[in-house]
Amino acid sequence: MNTDALIRSSRRTVLIVEDEAVNRELLSFILRDTYDVLTAADGVEAVELLEAHPGQIAMILLDIIMPRMNGIEFLKRRGADEALSRIPVIVLTSDKDAELETLKLGALDFITKPYDMPEIILARVRRIIEFVEDRQIIQDVERDALTGLYTRGFFFEYCRRLPTPADGERRDVIAVDVDHFRLVNEVYGKGFGDELLGAVAEGIREVAHDGFGIGCRGDVDLFYLLLDQRDDYEAIYNHLMERVHALGRQTNVRLRMGVYRGVEAARPLEWYCVAAKAACDTIRGNYARTVVVYDDTLHERELYNERLIADMENAIAEKQFIVYYQPKYDIRGDAPKLYSAEALVRWIHPELGFISPGAFIPLFEENGLISKLDDYVWRQAAAQIRDWRDRLGVDLPVSVNLSRMDFFDVHLKDRLLAIVAENGISVNNFVLEVTESAYSQNMDQMLKTVGELREAGFHIEMDDFGSGYSSLNMLCVMPIDALKIDMKFVRNVANSATGYRMVELVIDMARALGVPAIVEGVEDEAQYRLMKQVGCDIIQGYYFSKPVDAANFEPLLTKA
Ligand code: C2E
Ligand code: MG
Ligand code: MG
């Protein structure tokens, strides 16, 4: 149930202020099936009841002619009190002349005496309560608390109601994103992160104002603008950056901007926002570019991605995903020795052909589909371990990849244990690779889950080490069984002394943690020799083998 419905479902309290006991009874009778009813015999009693039930009364039915404090006096008093003036009032009257005056004093509707139409009275009360509450909900969700910008929901609602532009007039959607915002928060502190968002929001407000447009905060660090078309996108960008620089902190914070030129009525505005955001995401981490305009190649890529997402479930059912295996070799001894294998998924699509994980994993990570695929790969890999043991008598550990998403599942450990048990394999042989960036995103949670997985007997390898931003502190407290060093270290090792030194350093870190260092991406003899020299323990790379399907992996097993 949404909040709206939830709010609606609880019972409201209506206060009847009326000096004649018969009338009080009659109104109570009409309303009490639907509402909780309180009654007061005059304005003074009403004020007392309101004070005794702060924030609880949803509506007041108010008689005008009463002793002590009459209806008009009560309305004046209510008007002077901020909290009271939010409670809607329906005036009970037999006197037409009083209507105008009470309207001016803030009454919303009238019910005329005698009360001989119960359904109409009930319907009026209900309509006014809903109306007032709707208005309140809208006000609450209209503005984002941190930046004061419109919220995403309000932005879309507002834009939907805009008149369509006249012929020849066009509008653009612009998405603005803070590059690596999470990292900014980590490095400069959350306080600065908030200030930064405030500064960008200020810039967005100014741009929207100058461009006769509207802006909103679409997500944590994502902003949208709808503007009359213009060509000076760089100027907008520069204006926003000026706001950031005005914070007076020396940072390398940068924004990214994606533009969709010429929105049309044919598609919902949300679609254009997604497109502008997609354009903006193509330059994530690319310091050379700041503004990207959405174009046809991007559009094609979007369509391709949409297709992959749409086809995914069916592809699992039809076993279009094939698990490949790449060996890891222990190079500590005289001759390299097969140590384990990594399970790496490929998609053999019936129409699109061979698709490498780089094309679909990040996509599925974004929308959560990855968990389903991971589960599938884990099952395939576990069954493979069992199959090799049964047929070839080889008990080779195989590592599978876990995604950040997988850690949101509180049953992760039990699911993995179930897969291990169902296939009758040893938990030690079912190794889990967790990418470094997953660790830095939710350290406490990761610490807990990884600890539990290890207690259950799983070995954990930290994947892509050196590509994320994990802190040293995290490395020291995080329980792991191996460090997989990111490929970029090997790339630099042969051609520079610093590159070599860097590998030495990360291998030292592995030593300090008491775990083996696995180097990924070793492609040739020269790199292999350097890795041996620098003290690397285990190697995975094309030098030994590319990832291959299970059948092609078998010769490596029997050779070992
Ligand atoms: P990863 O886990 O770091 O896997 C290693 C990647 O390096 C693989 O890319 C592998 O083919 C590639 N590689 C290994 N040796 C060499 C080499 O010598 N040279 C070069 N140039 N590349 C090498 P692949 O298979 O394309 O997978 C890419 C990434 O996709 C993986 O990186 C992993 O993060 C992800 N991935 C693959 N399969 C799965 C899966 O089943 N689940 C999840 N969550 N992620 C997966
Ligand atoms: Mg991996
Ligand atoms: Mg890796």
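In listed order, ligands and their atoms are each counted from 1. Note that this is a predicted model, so its numbers are computed, not measured.
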Please name the atom of E342, restricted to N, O or S, that is closest to the Mg ion (ligand 2).
-> OE2
Between E520 and K484, is there a side-chain N and carboxylate O pair less than 4.0 Å apart?
-> yes
Could you give me the CA-CA distance, side-chain angles and deciding distance for K277 and D219, then say whether salt bridge (charged side-chain N to carboxylate O under 4.0 Å, His left out) is met?
-> CA-CA 11 Å; K277 165 86 163 59; D219 200 354; over 6 Å; no
So does K337 pair up with D330, basic N to acidic O under 4.0 Å?
-> no
Which pair of non-hydrogen atoms, one from H459 and one from D481, has the smallest distance, and what is that distance?
-> CA-OD2, 3.3 Å
Indicate yes or no: does D295 engage R261 in a salt bridge with an N to O separation below 4.0 Å.
-> no
Set of salt bridge (Lys or Arg N to Asp or Glu O under 4.0 Å) partners for E365, sequence neighbours left out | none
For the atom pair CG (L240) and CE (M257), what is the distance rounded to the nearest 0.5 Å?
-> 7.0 Å
Mark the output for E365 as yes if a heavy-atom distance to ligand 1 is under 4.0 Å, and as no if none is.
-> no
May I ask you to check if any N/O/S atom from D463 comes under 2.8 Å of the Mg ion (ligand 2)?
-> yes
The Mg ion (ligand 2) to E433: nearest N/O/S atom name | OE1
Looking at ligand 1, does any of its N/O atoms fall within less than 3.5 Å of an N/O of Y542?
-> yes
Hey, would you say the Y260 and Y294 ring centroids sit under 6.0 Å apart?
-> yes
Tell me, please, if T435 has any N/O/S atom, main chain or side chain, under 2.8 Å from the Mg ion (ligand 2)?
-> no
Output yes when the distance from some N or O of ligand 1 to some N or O of S356 is under 3.5 Å, and no in every other case.
-> no
Hey, mind stepping through Y224 and Y272 against ring pair (Phe, Tyr, Trp, His ring centres under 6.0 Å) and telling me if it holds?
-> CA-CA 10 Å; Y224 291 123; Y272 295 103; over 10 Å; no
Taking the six-membered ring where the residue is Trp, are the ring centres of F465 and F489 under 6.0 Å apart?
-> no
Return yes or no for this condition: an N or O of E523 is under 3.5 Å from an N or O of ligand 1.
-> yes
NZ/NE/NH1/NH2 to OD/OE distance under 4.0 Å, K372 and D375 | no
Of all the heavy atoms in K546, does at least one lie under 4.0 Å from an atom in ligand 1?
-> no
Contact check, P547 vs ligand 1, heavy-atom distance below 4.0 Å | yes
Atom indices of ligand 1 within 4.0 angstrom of D374 heavy atoms, with elements = 40 (C), 41 (O), 42 (N), 43 (C), 44 (N)
Give a yes/no verdict on whether any heavy atom in M405 is under 4.0 Å from an atom of ligand 1.
-> no
Within a distance under 4.0 Å of any heavy atom of Q326, pick out the atoms of ligand 1 and give their elements.
-> 10 (C), 14 (C), 15 (N)
Number the atoms of ligand 1 from 1 as they appear, then name those within less than 4.0 Å of a heavy atom of V377, with their elements.
-> 41 (O)
From the Mg ion (ligand 2) out to just under 2.8 Å, does an N/O/S atom of E461 turn up?
-> no
Just go through P357, S399, A343, G541 and tell me whose heavy atom is the nearest to atom 30 (O) of ligand 1.
-> P357
Is E351 salt-bridged to R307, cutoff N-O under 4.0 Å?
-> yes
Show which atoms of ligand 1 fall inside a sub-4.0 Å distance from at least one heavy-atom site of V522.
-> 18 (O)
Answer yes when R152 and D144 have at least one side-chain N-carboxylate O distance shorter than 4.0 Å, and no when they do not.
-> no
Numbering the atoms of ligand 1 from 1, which are under 4.0 Å from a heavy atom of R491?
-> 19 (N), 20 (C), 21 (N)
Report, in ascending order of atom number, the atoms of ligand 1 lying under 4.0 Å from any heavy atom of E342.
-> 1 (P), 2 (O), 4 (O)
Before signing off on this row, confirm whether V345 and ligand 1 have an N or O atom pair separated by under 3.5 Å.
-> yes
Residue portion contacting ligand 1 (non-hydrogen atoms closer than 4.0 Å) for D463 | side chain
Close approach, K484 and ligand 1, non-hydrogen under 4.0 angstrom | no
State which residues pass ring-ring contact (aromatic ring centres under 6.0 Å, His included) with H349; sequence neighbours excluded, sorted by chain then number.
-> W347
Which of the ligand 1 atoms, numbered from 1, are nearer than 4.0 Å to a heavy atom of S403 = 44 (N)
What do we get for L344 next to ligand 1 when only non-hydrogen atoms under 4.0 Å count, side chain, backbone, both or neither?
-> both
